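Report on the structure given below.
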Amino acid sequence: MLMNNPTKQQAITTTDKIFEQMQSAIVEGDIPAGSKISEPELSKKYQVSRSTLREALNRLEKCHLIERKANVGSRVVECTIQGLLEIYIVREALEGMACRQAAQNMTDDEIQQMKAILEQHAQAKDLQDGVAYYQEEGDLDFHYKVILGSHNNELINILCGQLYHLVRMYRCQFGMNSPRATRAFDEHSRIIEAIADRDGELAEMLMRRHIAASRKNIENKIALKQQKEQA
């Protein structure tokens, strides 16, 4: 049974459309991280009523893209180093679990689709040059497809619904370039092979190591930057 894609629900109502437009603008930085939400300005910009805008803002809050504080109002979330590292710790645990379940529940067709996605990724020039490993949103995102392959609605709702766009926001605004690009691709290949072998224990371990290595890489880059600033 294929699972619904929480990031690709058809936009039907005006609220749906405004939510999607604002979500994309926040993730890509067109609405800056930490910026104050002005309902009058946004209502005018998107040409919608305040009530429609508030419905969209409520949904953005559930996706952790905006936050509301008493007597302060609404703001786009800040992209902090601590927040980034905490997200990676959560991902390590939950995506590891999703990977184990994917090894149990993913269909043979889904596994072939995953292998085809990796073949497509391998053609990217930035990856071939070893400078970056960029993945499009949703169905071309390796991690996203593994999570869907778990066939576990709770994991899907948390990782693909609540946290997915927050993770992409951090990726976009902290940059996709990485000295781990080629290694990360190789790790993806080993993960899907473990899933294809129906080895849930190995698949979970490889995914946890993969995300932990990415987090360590970020920590090293931050430490190096701080050393340069202090020199």
Side-chain angles (χ1 to χ4, degrees), residues 1-10 23 27 59 62-65 83-124 127 133-171 176 178 180-218:
M1 178 182 65
L2 296 176
M3 307 304 290
N4 289 330
N5 179 336
T7 71
K8 294 290 184 183
Q9 299 298 328
Q10 184 178 3
Q23 179 177 257
V27 167
R59 290 171 64 179
K62 291 178 181 177
C63 292
H64 305 283
L65 292 176
L84 176 63
L85 296 178
E86 288 178 354
I87 284 176
Y88 269 76
I89 290 170
V90 171
R91 288 183 61 207
E92 182 181 337
L94 295 185
E95 289 194 36
M97 188 184 306
C99 209
R100 177 185 285 268
Q101 295 223 302
Q104 299 171 2
N105 300 325
M106 191 176 274
T107 67
D108 291 341
D109 284 344
E110 287 175 299
I111 291 171
Q112 290 307 311
Q113 289 173 23
M114 293 290 297
K115 291 182 176 180
I117 288 171
L118 289 181
E119 290 177 4
Q120 186 173 344
H121 289 175
Q123 303 307 310
L127 178 58
Y133 184 7
Y134 179 77
Q135 300 172 65
E136 296 287 347
E137 176 182 322
D139 288 335
L140 293 177
D141 183 333
F142 177 86
H143 288 264
Y144 165 85
K145 292 292 284 185
V146 168
I147 295 162
L148 276 193
S150 74
H151 292 221
N152 182 311
N153 278 312
E154 292 302 321
L155 286 171
I156 292 168
N157 288 334
I158 293 169
L159 290 168
C160 292
Q162 297 177 36
L163 295 179
Y164 185 74
H165 286 95
L166 180 60
V167 170
R168 290 197 67 82
M169 178 183 177
Y170 271 99
R171 283 181 181 172
M176 302 293 286
S178 171
R180 289 193 73 255
T182 303
R183 185 177 299 176
F185 176 82
D186 291 341
E187 290 167 0
H188 282 182
S189 298
R190 288 196 291 273
I191 288 168
I192 195 58
E193 287 303 326
I195 290 173
D197 289 340
R198 306 299 180 184
D199 190 336
E201 183 177 358
L202 178 60
E204 178 176 8
M205 181 188 71
L206 290 174
M207 179 63 85
R208 290 181 68 107
R209 286 182 176 178
H210 169 65
I211 295 175
S214 295
R215 175 170 53 84
K216 186 64 176 177
N217 177 61
I218 291 167

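Here the structure is a predicted model, which is why all the values come from computation and not from measurement.
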For the [atom1] atom of [X] and the [atom2] atom of [Y], what is their distance to the nearest 0.5 Å?
{"X": "Phe142", "Y": "Gln120", "atom1": "CZ", "atom2": "CD", "value": "14.0 Å"}
{"X": "Leu94", "Y": "Cys99", "atom1": "CG", "atom2": "SG", "value": "12.5 Å"}
{"X": "Leu148", "Y": "Asp141", "atom1": "CG", "atom2": "CG", "value": "10.0 Å"}
{"X": "Leu84", "Y": "Met169", "atom1": "CG", "atom2": "CE", "value": "11.5 Å"}
{"X": "Leu65", "Y": "Arg59", "atom1": "CG", "atom2": "CZ", "value": "12.0 Å"}
{"X": "Gln101", "Y": "Ile147", "atom1": "CD", "atom2": "CD1", "value": "12.0 Å"}

Looking at every heavy atom in both [X] and [Y], which two are closest together, and how far apart are they?
{"X": "Leu166", "Y": "Cys63", "value": "CB-O, 4.1 Å"}
{"X": "Met207", "Y": "Ile191", "value": "CA-CD1, 3.8 Å"}
{"X": "Glu110", "Y": "Met106", "value": "CB-CG, 3.3 Å"}
{"X": "Cys160", "Y": "Tyr144", "value": "SG-CD1, 3.5 Å"}

*asked:* Tell me every residue that passes side chain to side chain contact (heavy atoms under 4.5 Å, CB included) with Gln162, counting only those two or more places apart in sequence or in another chain.
replied: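 Side chain to side chain contact (heavy atoms under 4.5 Å, CB included) check on Gln162 returns His64, Ile158.
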Just to verify, what does [X] make a side chain to side chain donor-acceptor pair (under 3.5 Å) with, not counting sequence neighbours?
{"X": "Arg209", "value": "none"}
{"X": "Glu193", "value": "none"}
{"X": "Arg100", "value": "Glu204"}
{"X": "Glu187", "value": "Arg180, His210"}

*Which residues pass the ring pair (Phe, Tyr, Trp, His ring centres under 6.0 Å) test with Phe185, sequence neighbours left out?*
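So Phe185 forms a ring pair (Phe, Tyr, Trp, His ring centres under 6.0 Å) with Tyr133.
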_Donor-acceptor pair, side chain of Asp199 and main chain of Ala194, under 3.5 angstrom_ =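 No; zero donor-acceptor contacts below 3.5 Å.
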*Any donor-acceptor pair under 3.5 Å linking the side chain of Asn217 with the backbone of Ala213?*
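Looks like no, no N/O pair under 3.5 Å.
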Residues that [X] engages under salt bridge (charged side-chain N to carboxylate O under 4.0 Å, His left out), provided they are two or more places apart:
{"X": "Arg215", "value": "Glu92, Glu219"}
{"X": "Asp108", "value": "Arg198"}
{"X": "Arg190", "value": "none"}

*Test log, rule side-chain contact (heavy atoms from CB on, under 4.5 Å), inputs Lys145 and Gln113*: CA-CA 9 Å; Lys145 292 292 284 185; Gln113 289 173 23; 3.7 Å; yes
*Please assess Asn152 against Ile156 for the test side-chain contact (heavy atoms from CB on, under 4.5 Å), listing each intermediate value before the final yes or no.*
CA-CA 6 Å; Asn152 182 311; Ile156 292 168; 5.6 Å; no
*Looking at His188 versus His143, is the centre-to-centre ring distance below 6.0 Å?*
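Centroid separation for His188 and His143: below 6.0 Å.
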_Heavy atoms from other residues, nucleotides or ligands near CZ of Arg183 exceed 12 (cutoff 6.0 Å)_ =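 Counting neighbours around CZ of Arg183, 12 or fewer heavy atoms of other residues, nucleotides or ligands fall under 6.0 Å, so no.
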*Full working for side-chain contact (heavy atoms from CB on, under 4.5 Å) between Ile211 and Tyr88*: CA-CA 7 Å; Ile211 295 175; Tyr88 269 76; 3.8 Å; yes
_side-chain contact (heavy atoms from CB on, under 4.5 Å) for Ser150 and Asn105? Distances and angles first, verdict last._
CA-CA 6 Å; Ser150 74; Asn105 300 325; 5.6 Å; no
